[in-house]
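Encoded as structure tokens, the structure appears first; notes follow it.
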2 protein chains.
Amino acid sequence: MRISQLSAESGVPIPTIKYYLREGLLPQGEQTSATRAEYGQAHLRRLRLIRALLEVGRLPVASIRKVIDAVDDENLGVHQMLGTAHYALSPGVEPHEESPDWQEAREMVDQLIADYDWKIEPKAPAREELAQTIVTLRTLGTDPTLADLTPYATAAQTLVQTHEIHKIPFDAPRETTVEAHIIGTVMYGRVLDTIRRLAQESESARILAPQTP
Amino acid sequence: MRISQLSAESGVPIPTIKYYLREGLLPQGEQTSATRAEYGQAHLRRLRLIRALLEVGRLPVASIRKVIDAVDDENLGVHQMLGTAHYALSPGVEPHEESPDWQEAREMVDQLIADYDWKIEPKAPAREELAQTIVTLRTLGTDPTLADLTPYATAAQTLVQTHEIHKIPFDAPRETTVEAHIIGTVMYGRVLDTIRRLAQESESARILAPQTP
DNA sequence: GTTGGTTGGACAGTAATGCTATCCAACACA
DNA sequence: TGTGTTGGATAGCATTACTGTCCAACCAAC
């Protein structure tokens, strides 16, 4: 498959594909001559993943490259590879000042993790992210307690344990495993967010809507 | 309160505050002379909300303005105001080609909404968003069925009905009501997303981590 | 009354991000 | 022998969210 066909099948313009190649998101095709390269199904698949992460997952290109670098690093074991990829999917929190508010928020996060007996790396970005959200909620005047967070933790745990984790083929080839992991994290993350907004609209409408029985 | 104090209390630089004023995110202060304006607690509160939506909610400035315009439009009833604000919080889907894939995806969304007996406007942006995600999941090779979506719908409905909707003071002043609504949608949306990633990491670690009992 | 700092308003500039556009020589295929 | 495509390189562009500079008008302190 040449680049034009790759473009036609994926719907991605050729200059954009070249850009992804430059940026290392897409592996180079197999060179057949100085000005010819051959692309295969793997490239098409990778290209679709990139577009999914960009358009649906709204991940920056730099994060996508981190994910891909983790996959392509053969030195990493599956566990490390998944961890690296997973962390790269995290939006990330810019550095912030140390303050008692932050310390308190971090303690709440630690407590939540302990309550649910979760096994989380100390440096997991989601810890800081959650702490940031708690701090922000405080400055907004609402003061979240652990009891406000547990319903979300329970819901998340149930979803992950009963529906998501079994979809990941841990014994398949590396690339298949990460891809499933990424899809589970990003795509179903958006599914959940969107569906939650539907549920909110519906509940809000039931309470407030002008009577139309 | 003058602009410098507003900046000091909020931690937002003065040029940025000026920018928000220009963009209509922040209402003008009360002019006391040609080169003096007075700001109050409402401004500080609004400023914190803007930062929360930007930093935690990752909403574009244009969307924040839509939310604020809805609040400031006195012609709108509370129901309409909440709806407009809620829709502005949606990331939005760029226009796409009509195709059987999209039709099928939309039908699946309609079916889900019907199954849960949700009351959703035909033009709700979350419909198209969910359809987009379904289409994308298809191109990625996983083929989501209604049964794959229902666990998320059940979880979302439970969260919204038992924990979120009661936090919104529907009989309070408009501004208080929308603010609570926005916080519920955006901030707790992020809480859920982040906590879900924690749960994923933990489950993944339990299955894959090198044994460290 | 002078002086020094602050304010609002206007406008230009900037950094990051995700593309797009153009050019070119080297092919491949008819 | 021509026609078109390719890879590689480089430059340009649109958007977003600020940031920087300038200035006359002020207010408050000395």
task: Walk along DNA chain D from 5' to 3' and tell me the first and last nucleotide with an atom closer than 4.0 Å to a non-hydrogen atom of chain A.
output: D:dG4 to D:dT10
statement: In short, side chain to side chain donor-acceptor pair (under 3.5 Å) pairs touching residues 59-74 of chain A with sequence neighbours left out are A:Glu23-A:Arg65
- prompt: Less than 4.0 Å between a side-chain N and a carboxylate O, is that true for A:Glu175 and A:Arg45?
  reply: no
message: Checking B:Tyr87 now: which residues fulfil ring pair (Phe, Tyr, Trp, His ring centres under 6.0 Å) with it, not counting sequence neighbours?
response: none
- line: Residue pair A:Lys18/B:Pro15 against DNA chain D: nearer the 5' end by closest nucleotide is A:Lys18
task: Kindly assign one of parallel, tilted or perpendicular to the pair A:His181 and A:His86, based on the angle between their ring planes and the thresholds 30° and 60°.
output: perpendicular
- prompt: Is there any salt bridge (charged side-chain N to carboxylate O under 4.0 Å, His left out) pair reaching into residues 75-86 of chain B, and which pairs are they, with sequence neighbours excluded?
  reply: none
field: Along DNA chain C, first and last positions that approach a heavy atom of chain A under 4.0 Å
entry: C:dG18 to C:dA28
- prompt: Do the charged groups of B:Glu104 and B:Arg138 touch, with an N to O distance under 4.0 Å?
  reply: yes
statement: Residues in residues 49-69 of chain A with a heavy atom under 4.0 Å of DNA chain D, by number, are none
message: With no hydrogens and no angle check, just 3.5 Å: does a side-chain donor-acceptor pair link A:Thr136 and B:Glu55?
response: no
- prompt: So A:Arg127 and A:Glu121, salt bridge (Lys or Arg N to Asp or Glu O under 4.0 Å) or not? Walk me through it.
  reply: CA-CA 9 Å; A:Arg127 286 177 184 264; A:Glu121 293 287 320; over 6 Å; no
- prompt: When we call it a touch if two heavy atoms are under 4.0 Å apart, what does A:Gln28 touch: a base, just sugar-phosphate, or nothing?
  reply: sugar-phosphate
message: Any salt bridge linking A:Glu98 with A:Arg106? Criterion: basic side-chain nitrogen under 4.0 Å from a carboxylate oxygen.
response: yes
query: Considering heavy-atom distances to DNA chain C, does A:Thr16 or A:Ala34 have its closest nucleotide positioned more toward the 5' end?
result: A:Thr16
- prompt: Quick one: do the A:Tyr39 and A:Arg46 side chains pair a donor with an acceptor below 3.5 Å?
  reply: no
query: If you pin B:Gln5 and A:Pro13 to their nearest nucleotides in DNA chain C, which one's is more 5'?
result: B:Gln5
